Structures are given as C-alpha cells and as structure tokens.
Amino acid sequence: MKGSRTKPVVFNIPAANPKEDYAASMVNVLSHRAFRLLSAFLENQLVALKGSCGESPEEGARLAAYIKAAGLYLKQRKVSVFMCDTTNRHKDISSNALKQIEEARCQCFDELRDLFSFFMLDGINGSYEYVRKVRKLGGVEVYLAGELPNLDGMFAVSAPFAHHRCGVAGALYSLGAGLASKRGKIKQHTMDKPKVRVERCYACKRCLKECPVKAIWMDGHHVAIDDDRCVDCGRCVEIAKRCGISYAWNATTDHFRRKVIEHAAGAMEVLKGRIVLANVLFDGKGRLKRILISRDPVALDAATVEACRANGLFDPDALDELESQISAAETAGIGNAAFQGEEIAY
C-alpha cells in the first residue's frame, strides 16, 4: 500500500510460442508455493471467479480458458468456487440477472457455466447492495454488490479495453465499476438526479407507488421529483412508460474517475486483501501479448500501462488517462504504483 517499503509484485507471463498452454502457465504462477496466490484460499472457503467477455469471440474463448483452469485448480483444493457478475445498469437501466446471463451465453461462457455455478452478486435486478463508508476516504459512502461481504475471496480476470471516460479500463475499473450495485453504477455515470420528461409523462402514477422514499408527487398533469429526497435507486426510470423519467448520463471524466476509485477502495476494504487480479493483454487482432497478475490493482494497472506502451497497445492519450486514474487511486491508498516486476516462463 501507499507508504509501504515493500513494492507489490506483478507477475508477468509474456507471450512466446503460439502453442504454449498459457492457462497452465497461469495456474503454475497462481499456485506456486513461493507465490501463494490462489493457494492462499482454503478448503470450503467461498471464492468468486469474476471474468471478462473480451472484445471478440477469440478473446472471450481465451479468457474463459484461463478462468476455467484457475477454477478447476481451486476445486481440486476443495474450495467452494463459483462464477459471478453484476448487472450492466449503466448500459441498460432495465437490465437484470436474466438479461446478463443471456448476454454472457453469447460470449463464450457456456463452458464455464457447465463447470461452475453462476450468481449475480447484486441480486436479480441489481438492487441488492451493501452500503459502506470508506475509511481511507474519510467516510465517503459507496454502493457495492450485496454479496461482496459474504465472500472469502475473489479471482478477477480482466481484458483491458478502451473506455471513453477512463482511457483504458483495467483492474481498477473491474473493481470499482464491476463490483458496484445498480445505484453505485448510476452514481458513477451521472451527476444529476432523474428528471421528468413532462411531454412524455401521462400520469400513470406507477412511479408514485414504487418510489421507496416517496420522493415523487403529482404536479398538475405530470409527476415531479424531490431531488433532496431521491436516493438514485433508478426504480422510477425502470418503470416509467414512454421514458417519462430518465437520467442524463453526463458524468465528466473527473467525476467518473473519482466515483470508480471510491468504489474500488470500498471493494478492497471489504475483501481485505483476499483478492487476486489478472490483466490479460491482447493486440488489435485478438492475439495474446502477455498476462499480468498481482494482488495490488494499482500496481497491476501501472504494469499494464508499461506493457502497453512497450507493445504499442492502445492510444497514448488513453494510457495517459489510465495513468491519471492510477495516480488518484494511489493517493486514495488503494495500492502502490511502484511495483516489482517478475517475469515468469513455463
């Protein structure tokens, strides 16, 4: 962590022979007695596997193979392991667990669901949340997936991708956005409360009945929202007919970065270091470049920037944005950007 004399280690598995079994190489790193990464998870502990679908079917298939190998290793150790995800509320406000599972079915996770149980950490509609005040950030409130405090550990695999608000989405994004509840995602992607579109509201009054804090009332021939009472649950936006109530997804880069970092800090506090993260780097044609593994998300993303610059991956401006996020996350005490790299070849 920031201020620690010991630099966090980032393990680096470079791409070499196209026929090399990188899934086996990754498990060798994760299970080596000197590294004690996945080996630190004990029998009967409840450990979640969180994956990424990748930017193409080829990337998705590779990522699924790596997750599968790690999951089977944990099963051999009699760890209670399962696949997990959260709902994509920032992409589709009406998304739910069933939609999310069907989306994953189209992106190479069928084989994994045949091997591991699959659970949504934020419930069937993204509303099951754990509200936490982040100590390191002066008690700022964040909204995380409700099952997160019940886990004994997590192995999270990400394929960094270009993102319009954070440059490149890596480990910090996977923690902050990927483990947020519906409300957490809403607060990351907008700076405003939901607004009534008067011309589309025809006073069906469904939102009045469903609002959990009674922040909506009739104002003549349409509804109105009390911003002071609204808690950003998003329920009124989901049920309003003809988009009579909607959000302006207007978060600035600074706002989005700050909220993602806050939620990443909250997730790390909840997991208490019981997490292993991997960033899998592909080139623009879906070819593997390297696998980076660490317990420290800040160090992992810093190593990702270094590897991307060396291999010509991503636009330099996008990597500059990720470096800004890394610096802010280090200042927030999430981890240490000064890392010790260790190249592994099996």
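This one's a predicted model, so the numbers in the text were calculated from it and none came from an experiment.
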Exercise. Can you find a pair of side-chain heavy atoms, one from Phe41 and one from Glu43, that are under 4.5 Å apart?
Worked result: no

Exercise. What's the verdict on side-chain hydrogen bond (donor to acceptor under 3.5 Å, both in side chains) for Asp122 and Thr87, showing C-alpha distance, side-chain angles and the deciding distance?
Worked result: CA-CA 7 Å; Asp122 56 351; Thr87 48; 2.8 Å; yes

For this session: Evaluate the criterion ring-ring contact (aromatic ring centres under 6.0 Å, His included) for residue pair Phe82 and Phe116; output intermediate values, then yes/no.
Result: CA-CA 5 Å; Phe82 67 96; Phe116 311 110; 9.8 Å; no

Exercise. Among Leu281, Leu277, Leu63, Asn279, which residue meets the side chain to side chain contact (heavy atoms under 4.5 Å, CB included) test with Ser158?
Worked result: Asn279

Exercise. His255 side chain to Ala251 main-chain N or O, any donor-acceptor pair under 3.5 Å?
Worked result: no

Exercise. Are any side-chain N or O atoms of Asn311 and backbone N or O atoms of Leu313, one a donor and one an acceptor, separated by less than 3.5 Å?
Worked result: no

Exercise. Do Lys285 and Ser56 meet the criterion of a side-chain donor-acceptor pair at a distance under 3.5 Å?
Worked result: no

Problem set entry | Side-chain donor/acceptor of Gln45 to backbone N/O of Gly153, under 3.5 Å | no

For this session: For the pair Tyr173 and Phe161, name the ring-plane relationship: parallel under 30°, tilted 30 to 60°, perpendicular over 60°.
Result: perpendicular

Seminar exercise, completed: Test side chain to side chain contact (heavy atoms under 4.5 Å, CB included), reference Met154, set Leu49, Val47, Leu121, Leu46, output is Leu121

Exercise. Sub-3.5 Å donor-acceptor pair from the side chain of Asn28 to the main-chain atoms of Ser31, do we have one?
Worked result: no

Problem set entry | Backbone of Gly176 reached by a side-chain donor or acceptor of Gln188 within 3.5 Å | yes

Exercise. Does the Asn12 side chain pair with the main chain of Ile344, one donor and one acceptor, at a distance under 3.5 Å?
Worked result: no

Problem set entry | Intermediate values then yes/no, ring-ring contact (aromatic ring centres under 6.0 Å, His included), His32 and Phe11 | CA-CA 12 Å; His32 197 286; Phe11 299 97; 9.2 Å; no

Problem set entry | Under 3.5 Å donor-acceptor, Asn336 side chain and Lys7 backbone | no

Exercise. So, does His263 use its side chain to make a donor-acceptor pair with the main chain of Tyr143 at under 3.5 Å?
Worked result: yes

For this session: Among Arg165, Met191, Arg257, Arg258, find the residue that satisfies the side chain to side chain contact (heavy atoms under 4.5 Å, CB included) test when tested with Thr252.
Result: Met191

Exercise. How is the hydrophobic cluster of Tyr128 composed, in terms of its other members, when Ile, Leu, Val, Met, Phe, Trp and Tyr link through side-chain heavy atoms under 4.5 Å apart, directly or indirectly?
Worked result: none

